[in-house]
Amino acid sequence: PATVGEYPHTVDSRPIGMFDSGFGGLTVARALIDLLPNEDLVYVGDTGRYPYGPRDLGEVREFALEITEHLLSTHDVKMVVVACNTASAAALDELQKITPVPVIGVIEPGAAALLDATRSGRVGVIGTVGTIGSGAYQRAVAQNSDAVELSCAACPGFVEFVERGETDSEQVHVLAERLLAPLVDADIDSLLLGCTHYPFLARTISDVMGRGVVLVDSADATAFCVSDMLRSGDALRDGTDRGGVHQFESSGDIEAFRALGRQLLGPELDEVAALSWPEARS
């Protein structure tokens, strides 16, 4: 078998696999579809078990291992994109050690993009309770630069608003004002949206933070990392006369996933397949 991070030097027509607790990872899927239109993609939205943020990281790690095994055994993916910050914080290191194809998360690309964006050196990260509590972003920023002042804030409730399709309600605005107040006081100039759900709240977050604060989304940075890794391994699916095939699976209500997912992603999200886990693991 191939070792982690290596490919045979042939054009690889297998799909890219990716997963998230629900809809948030669709921001990364959108970036990947736009950047690599020829690539096939399989997206798993684990809506039957969302949100991941308040869960114990050990439990999230088990979920991530289970979904990755599904992507490998059922879809024979050539790469796994952990399009969920909480799952990246909980399981990325282990997945990279044991998975026979490359695995990429959203934390390292996001941290690098945040450092590129700042002018003053005062930056912020918002994420789920699990992500912020894990210290993953604090470590990623510290490893890349010791010259920045980082402020972090957990934002419980944001994911649930997005999953209900309430991205611009008065209630979410009031919540944002309360949760983001420490970052406003910290006078940051760049804010990383450290959860793939949060770009759907970008207008509300920007209203609270002010126009002087640059919002950094890890989706584009992650897509470029995927592209670079595939290209360096001669694993891009180039030279095809058809666009990529995009498959979507949900462990929750598939019609609800399709309806809201199409609003968030676009027409590429057409059909959604039902996915269920063994009872002992649910």
Side-chain angles (χ1 to χ4, degrees), residues 5 7 11-47 64 67-68 70-72 74-88 92 95-96 99 101-113 162 192-200 202 215-240 242-250 257-258 260-273 275:
Y7 290 109
V11 173
D12 196 330
S13 61
R14 293 177 296 170
I16 299 168
M18 61 189 305
F19 70 90
D20 179 53
S21 63
F23 296 97
L26 293 175
T27 56
V28 184
R30 177 75 268 166
L32 275 174
I33 290 169
D34 291 344
L35 184 63
L36 301 172
N38 291 328
E39 293 290 338
D40 292 348
L41 180 72
V42 179
Y43 179 100
V44 172
D46 196 15
T47 49
I67 297 170
T68 299
H70 165 72
L71 287 169
L72 289 166
T74 304
H75 298 287
D76 188 27
V77 298
K78 62 183 173 184
M79 170 184 277
V80 175
V81 181
V82 186
C84 171
N85 290 266
T86 305
S88 291
L92 184 63
L95 286 173
Q96 289 175 332
T99 305
V101 300
V103 181
I104 186 171
V106 289
I107 289 175
E108 290 289 343
V162 173
L192 177 61
L193 307 181
C195 172
T196 50
H197 285 72
Y198 293 179
F200 297 120
L215 301 187
V216 179
D217 175 1
S218 61
D220 286 340
T222 302
F224 280 113
C225 285
V226 170
S227 176
D228 291 345
M229 189 175 290
L230 292 176
R231 184 170 282 106
S232 67
D234 291 336
L236 283 171
R237 189 179 176 276
D238 284 335
T240 177
R242 70 166 175 84
V245 175
H246 311 116
Q247 302 178 64
F248 299 88
E249 299 178 335
S250 169
F257 188 93
R258 180 179 182 274
L260 182 55
R262 280 179 67 87
Q263 293 179 37
L264 298 175
L265 179 84
E268 289 85 358
L269 203 162
D270 187 19
E271 297 299 327
V272 179
L275 186 60

Side chain proximity check, Met79 to Arg14, heavy atoms < 4.5 angstrom: no
Spacing of CD1 belonging to Ile16 relative to CG belonging to Leu71, to within rounding of 0.5 Å: 12.0 Å
Least distance between heavy atoms, Val82 atom then Ala87 atom: CG1-CB, 3.7 Å
Leu95 versus Val103, closest heavy-atom pair with distance: O-CG2, 3.9 Å
Sub-4.5 Å side-chain heavy-atom contact between Val80 and Phe19: yes
Side chain to side chain contact (heavy atoms under 4.5 Å, CB included) partners for Leu260, two or more places apart: Phe23, Gln263, Leu264
Minimum side-chain heavy-atom gap Tyr43-Leu26 below 4.5 Å: yes
Nearest-0.5 Å distance, CG of residue Asn85 to CG of residue Asp20: 8.5 Å
Separation of Arg262 CZ from Asp270 CG (nearest 0.5 Å): 5.5 Å
Non-hydrogen side-chain atoms of Leu36 and Leu230 separated by less than 4.5 Å: yes
Closest heavy-atom pair and its distance - Ala29, Leu41: CB-CD2, 4.0 Å
Exam field: side chain Thr47 to backbone Ser250, donor-acceptor pair closer than 3.5 Å: no
Asp217 CG to Thr27 OG1 distance, which is reported to the nearest 0.5 Å: 5.5 Å
Contact check, side chains of Ser21 and His197, non-hydrogen atoms, under 4.5 Å: yes
Over all atoms of both residues, closest heavy-atom pair of Ser88 and Gly105: OG-CA, 3.6 Å
Nearest atoms (heavy-atom pairs only) where Asn38 meets Arg237: O-NH1, 2.8 Å
Note, Leu275 side chain near His70 side chain (heavy atom, < 4.5 Å): yes
For the student: nearest non-hydrogen atoms of Asp12 and Lys78, plus distance: O-NZ, 2.8 Å
Side chains of Val77 and Leu72 in contact at under 4.5 Å (non-hydrogen atoms): yes
Min side-chain heavy-atom separation Glu39-Leu32 under 4.5 Å: no
